[in-house]
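Below is one structure; the comments refer to it alone.
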Amino acid sequence: MRVRFSPALTGALDIGGARTALLNHLIASRGGALVLRIEDADPTRTMSGAEDALLADLRWLGITWSEGPDAGGPYAPYRQSERTDAHASHLAELTASHAAYRCFCTAKAVAAERAEDEKAGGASRCHDTCRALSSEESEARASAGEPYAWRFAVPVAETVLWEDAVQGEISVRSEDIGDFVLADSDGTFTRVFASWADDVDMHIALVVRGDGDISMTPRQILLSRAAGVEPLAYGHLPSVTSPDGAPLCESVGHTGITELRDTGYLASAVVEYLALLGWSDPDDRENPTLSDVEQAFSLDRVSKAPCVHDPERLRTINARHLRALPHDALVRTLGAYMSRPPGWADFDALFEAARDEVVVASDIVTIADFVVSRPSQLSLDAEAHAALVVVSAALEAADPGSYNGEALVGRIRRKLKAAGLQPNVGLEALRIALTGQESGLPLTALLSIMGVAEALIRIDSTQVDTHRARKR
RNA sequence: GCCCCCAUCGUCUAGAGGCCAAGGACUCCGCCCUUUCAAGGCGGCAACAGGGAUUCGAAUUCCCUUGGGGGCACCA
């Protein structure tokens, strides 16, 4: 199946756009091709640098295309802004067969008529005045320099019907469509038209896009009929909204793909999340891989209802993917977020110890900081401090150069027991003395990384707070 | 205002007339494991939007209401 992804460069790729791209990729991956086409026809809406960022985001996700602005292909160019000649020739065909006509109404007049129409109900349309013009008169006014737009002459009293690949059968009456604009008075082709022309020229078999574009479909089917080409198949994906119900693009959260990557999400996690958003695996696997999804995907299992982006779920999936990483990949991933501080022996051990702790890779910064920087101004209640004295004694009796956390914790525990104290109290106090935190990396790891000497320095700097009641 | 689409736990969803006093996953809460923190294991809370109709029987079909989404441009 030949499919395409054709984003406008109005902003960064977000969760919604990435999902559309991914689903197209999934369809293409089962014997087909994905065409990447950039819809940059409107320069005022196109952000500079957006194309490079888009391609980078797509590549990072593992979405591949066989034809595109970077890759070229048999139907190049793949930027809409460079295809105006092709658009013009399609328009010429339509005007030759009188499927399109010049409309001399000003934008203002049309808007006024529309306001009237809305009061009465029904679709807006240029009233038939221009459509009824003879070709001689139309010609004459045009050569006299009167500005005009090209409109498509929508057939009257017809119903356009198609089997939408995700929504099922959809039918639209032609009177609800109105004669839409193909090219505006300054010669710019509209998106419905340009995108239809490109899909036809690039031999796209199935158009899968967001349901915001659903209203373009009956128009494009009509265009195909008028041009005498076989109408394409269409499928419209339900929208993704942000947790507060607002449209995704307007929400403030972390929905940009670039942002997710920079924060330390793994591409595999984002892909799994995206695939499972509005689609369910027929085999009900809990952690499907990309290839599982590629093999099992079909559009008929895509939900028709709009769905809500759930950042918490994405985080959970990411934490799971991080935990499953091989050692080297983990070190590489986490290491990218911090430089190794000098004077610390085995920092890889820290990465490994943090494995179960990190949700997104950038979390390593905070986690490592508790290990690297000494906590300041710590004061402990009397009971904890008493236990800490025993802990301290145990460490002093150990080899000062020891980094064997396992053995050290065992030794501390024995000493605490021998002193008639609850081992837990001492170990918790030790954790706080070392990092200032009540939770965090395993103590064994902490001692393995900082060693006896550093641990003793931190313990010695704590103070007793006699006024402070012991918590819990 | 008009047109179209959609509606199952808080979220993502399973569900094609009897297998459903509705199943899974995430979150949350307990318990277990444990030399601390996690992870892990086990268990729990939690939904068919409301009302009619069809049927022996409805989450599943139909209608209305409500709610949500999209569209109605010389925007991409």
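Note on naming: letters A, B, ... go to the chains in the order of the sequence lines (proteins, then strands), and numbering restarts at 1 for each one.
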Phosphate OP1/OP2 of B:G70: any A:Ser215 side-chain N/O under 4.0 Å: no
B:U8 versus B:A49 - spacing of their P atoms, nearest Å: 6 Å
For a quick check of understanding: with a heavy-atom distance under 4.0 Å over all strands, which category does A:Gly212 fall into, base, sugar-phosphate or nothing? sugar-phosphate
With a non-hydrogen cut-off below 4.0 angstrom, is A:Val181 in contact with a base, only sugar-phosphate, or nothing? sugar-phosphate
Send over the distance from A:Tyr273 OH to B:U11 P, rounded to a whole Å. 13 Å
Just the rounded figure in Å: distance from P of B:A38 to CD of A:Glu428. 10 Å
Could you check A:Ser303 against A:Gln80 and say which one's nearest nucleotide on RNA chain B is further toward the 5' end? A:Ser303
Identify whether the distance between the nearest side-chain nitrogen and carboxylate oxygen of A:Asp198 and A:Arg4 falls below 4.0 Å. no
Which part of the nucleic acid, if any, lies within reach of A:Pro442 when heavy atoms closer than 4.0 Å are counted: base, sugar-phosphate only, or nothing? base
Output the rounded distance in Å from CD1 (A:Ile317) to C1' (B:U13). 13 Å
Report the base-pairing partner of B:G43 (Watson-Crick or G-U wobble, both distances below 3.5 angstrom), or none. B:C29
Output yes when at least one side-chain N/O atom of A:Arg151 is less than 4.0 Å from OP1 or OP2 of B:C74, else no. yes
Nearest 0.5 angstrom please: A:Arg411 CZ to A:Leu447 CG, how far? 12.0 Å
B:U36 base / A:Arg431 side chain donor-acceptor hit below 3.5 Å: yes
Pick base, sugar-phosphate or nothing for A:Arg323, based on heavy-atom distances below 4.0 Å to the nucleic acid. sugar-phosphate
Should A:Lys304 be listed as having a side-chain N or O under 4.0 Å from OP1 or OP2 of B:C6? yes
No-H, no-angle donor-acceptor pair, A:Thr316 side chain to B:C26 base, under 3.5 Å: no
Examine B:U13: is either OP1 or OP2 under 4.0 Å from a nitrogen or oxygen in the side chain of A:Arg285? Give yes or no. no
Report the distance from atom CG of A:Leu421 to atom P of B:U36, rounded to the nearest whole Å. 16 Å
Is B:C2 paired to anything, Watson-Crick or G-U wobble with both distances less than 3.5 Å, and if yes, which nucleotide? B:G71
Salt bridge check: are A:Glu39 and A:Arg79 linked by an N-O gap of less than 4.0 Å? no
Please classify the nucleic acid contact of A:Leu276 as base, sugar-phosphate, or nothing, using heavy-atom distances under 4.0 Å. sugar-phosphate
First of A:Arg301 and A:Thr10 reached from the 5' end of RNA chain B, by closest nucleotide: A:Arg301
Between A:Phe152 and A:Leu223, does a side-chain contact (heavy atoms from CB on, under 4.5 Å) hold up when you go through it step by step? CA-CA 8 Å; A:Phe152 181 75; A:Leu223 282 167; 3.7 Å; yes
NA contact type, A:Gly426, heavy-atom cut-off 4.0 Å: base, sugar-phosphate, or nothing? nothing
Once you apply a heavy-atom cut-off of 4.0 Å, does A:Thr190 come out as touching a base, just sugar-phosphate, or nothing? sugar-phosphate
Is there a donor in the side chain of A:Thr217 and an acceptor in the side chain of A:His236, or the other way round, less than 3.5 Å apart? yes
Could you tell me whether A:Asp211 and A:Lys304 have a side-chain N and a carboxylate O separated by less than 4.0 Å? no
Rounded to whole angstroms, how far apart are CD on A:Glu272 and P on B:A25? 14 Å
Categorize A:Ser185 for me: base, sugar-phosphate, or nothing, with a 4.0 angstrom heavy-atom threshold over every strand shown. base
